[in-house]
Amino acid sequence: QGIPTSVLVGKSGVIEWIGHPMELDEPLEAVVTDSWDREAFKKELEIRKQFEENMQKVQMLAGAGRFKEALAVVEAQSSASRGTPTEAQWTGVGNQLKLKAGMLDDDVVAFFRDQLGQMKGDPYAVGRFAIMMYGEGEQGNDVGPLAADALEAAKAELDDASPDLKPLLYNAISLLHMQSGELDAAVEAQQAAVDNAPDERIKERLQ
């Protein structure tokens with residue numbers, strides 16, 4: 001599916017593993033030491049293939065605005081993968097879809113709040129999350145309390161953020177303030193983003 005791709009051929013001349021070269025070390029060692037389970041990997045690869053095929057269906061339906069049909073696919077796949085790691089992936093996809101479809105409920109809010117909580121201490125992830133919430137709002141989607149949560153989380157990361165990440169956080173803070181009509185706070189945060197810009201190119205863009 002992607003480039004680069006590695007194919008690991010075992011001692012018997014049979015393909016043992018296919019994947020990204022950065023993930024090659026573990027299966028290679030297992031094949032060399034005769035501890036590799038080709039059948040287990042084959043099943044895992046099939047599950048991954050099914051996930052990707054169904055994700056394509058979901059993306060096509062969602063892209064056409066057919067969110068209820070897309071969610072029906074997600075719910076069916078989530079039920080079919082109960083108790084497996086894929087179930088969590090489908091749960092995430094379902095909550096993303098509901099957010100984009102304007103189907104915000106307590107479960108969706110709880111899911112994204114949990115995600116945001118797990119990002120604590122990671123300024124980059126928090127900044128990207130805040131910008132994502134701003135983007136959803138700009139598309140007319142109701143994000144409820146999540147915009148305020150993202151704003152407070154971004155502010156909380158400022159003190160410990162490295163200098164190269166502060167412009168991202170200040171810019172996200174500015175966008176969320178602007179979206180809620182707090183223009184003075186937005187201007188102040190954007191000026192801080194400019195002041196913390198690491199080079200002229202980024203400074204010019206933020207200005």
Side-chain angles (χ1 to χ4, degrees), residues 51 54-79 81 85-161 164-194 196 202 205-206:
F51 178 82
N54 283 295
M55 267 303 298
Q56 285 180 358
K57 287 183 194 173
V58 168
Q59 288 165 351
M60 286 176 65
L61 289 167
R66 295 158 62 184
F67 288 104
K68 288 185 179 178
E69 292 173 64
L71 278 167
V73 174
V74 170
E75 286 163 9
Q77 293 305 310
S78 184
S79 296
S81 60
T86 314
E87 183 185 4
Q89 289 179 285
W90 283 120
T91 299
V93 172
N95 282 293
Q96 288 277 1
L97 271 177
K98 285 183 177 179
L99 185 69
K100 290 185 177 298
M103 301 177 185
L104 195 73
D105 57 26
D106 291 344
D107 289 341
V108 176
V109 171
F111 173 82
F112 283 105
R113 278 181 166 165
D114 180 62
Q115 274 203 328
L116 188 57
Q118 292 179 39
M119 294 173 191
K120 188 175 181 180
D122 185 344
Y124 179 76
V126 171
R128 298 307 304 172
F129 182 92
I131 289 173
M132 180 182 79
M133 288 301 144
Y134 164 77
E136 292 296 334
E138 286 300 286
Q139 291 174 36
N141 299 325
D142 177 19
V143 298
L146 294 172
D149 292 348
L151 177 61
E152 292 309 310
K155 288 179 178 178
E157 295 292 333
L158 280 170
D159 286 343
D160 295 326
D164 61 313
L165 288 176
K166 287 193 174 185
L168 168 69
L169 290 170
Y170 277 120
N171 184 55
I173 291 165
S174 175
L175 291 170
L176 289 170
H177 275 308
M178 180 180 70
Q179 196 169 62
S180 63
E182 299 164 332
L183 299 184
D184 288 344
V187 170
E188 183 181 344
Q190 193 65 14
Q191 186 58 55
V194 171
N196 282 273
I202 294 175
R205 181 173 63 81
L206 292 170

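Throughout, residue positions are numbered sequentially from 1 according to the sequence presented.
Ala172 approaches Gly127 most closely through the heavy-atom pair CB-O, 4.0 Å. Considering every non-hydrogen atom in both Pro145 and Val109, the closest pair reads CG-CG1, 4.0 Å. For the pair Ala161 and Leu165, the tightest heavy-atom approach, listed with the atom from each and the gap, is CB-CB, 4.5 Å.
Counting heavy atoms from C-beta on, the side chains of Val143 and Tyr134 never come closer than 4.5 Å. Gln96 has its side chain out of reach of Phe111: every pair of non-hydrogen atoms, C-beta onward, lies at least 4.5 Å apart.
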**Message:** I'd like to know whether Thr91 forms a side chain to side chain contact (heavy atoms under 4.5 Å, CB included) with Asn95, so could you lay out the CA-CA distance, the side-chain angles of the two residues, the decisive distance to 0.1 Å, and finally the verdict.
**Reply:** CA-CA 6 Å; Thr91 299; Asn95 282 293; 3.6 Å; yes
**Request:** Just do the side chain to side chain contact (heavy atoms under 4.5 Å, CB included) check on Lys100 and Leu97 with the steps written out, would you?
**Result:** CA-CA 5 Å; Lys100 290 185 177 298; Leu97 271 177; 5.7 Å; no
**Criterion side chain to side chain contact (heavy atoms under 4.5 Å, CB included) on Met60 and Glu69, from CA distance to verdict** = CA-CA 10 Å; Met60 286 176 65; Glu69 292 173 64; over 6 Å; no
**Prompt:** Between Ile131 and Leu168, does a side chain to side chain contact (heavy atoms under 4.5 Å, CB included) hold up when you go through it step by step?
**Reply:** CA-CA 9 Å; Ile131 289 173; Leu168 168 69; 3.6 Å; yes
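The closest donor-acceptor contact from the side chain of Gln190 to the backbone of Leu206 lies under 3.5 Å. Side chain of Asn196 to main chain of Ala192: a donor-acceptor pair is present (N/O by atom type, distance under 3.5 Å, no hydrogens or angles). Between the Ser78 side chain and the Val74 main chain, no donor and acceptor come within less than 3.5 Å of each other. Using modelled atom types, no side-chain atom of Ser174 and backbone atom of Tyr170 make a donor-acceptor pair closer than 3.5 Å. Although no hydrogens or angles enter the test, the distance criterion places a donor-acceptor pair under 3.5 Å between the side chain of Glu157 and the main chain of Gly121.
Taking CD of Gln56 as the reference point, atom CG of Leu61 lies at 12.0 Å (rounded to 0.5 Å). A distance of 8.5 Å separates NZ of Lys166 from CG of Asp160, quoted to the nearest 0.5 Å. Expressed to the nearest 0.5 Å, how far CD1 of Ile173 lies from CE of Met178 amounts to 14.0 Å. Between atom CG of residue Leu146 and atom CZ of residue Phe112 there is a gap of 7.5 Å, rounded to the nearest 0.5 Å. In this structure, the separation between CG on Leu151 and CE on Met133 is 13.0 Å, given to the nearest 0.5 Å. Note that CG of Leu71 and NZ of Lys98 are 6.5 Å apart. Values are rounded to the nearest 0.5 Å.
More than 12 heavy-atom neighbours from other residues, nucleotides or ligands sit within 6.0 angstrom of CZ on Phe51. Counting non-hydrogen atoms of neighbouring residues, nucleotides and ligands closer than 6.0 angstrom, the CD atom of Glu188 reaches no more than 12 such neighbours.
Arg113 pairs with exactly one of Asp149, Asp106, Asp107 by the salt bridge (Lys or Arg N to Asp or Glu O under 4.0 Å) rule, that one being Asp149.
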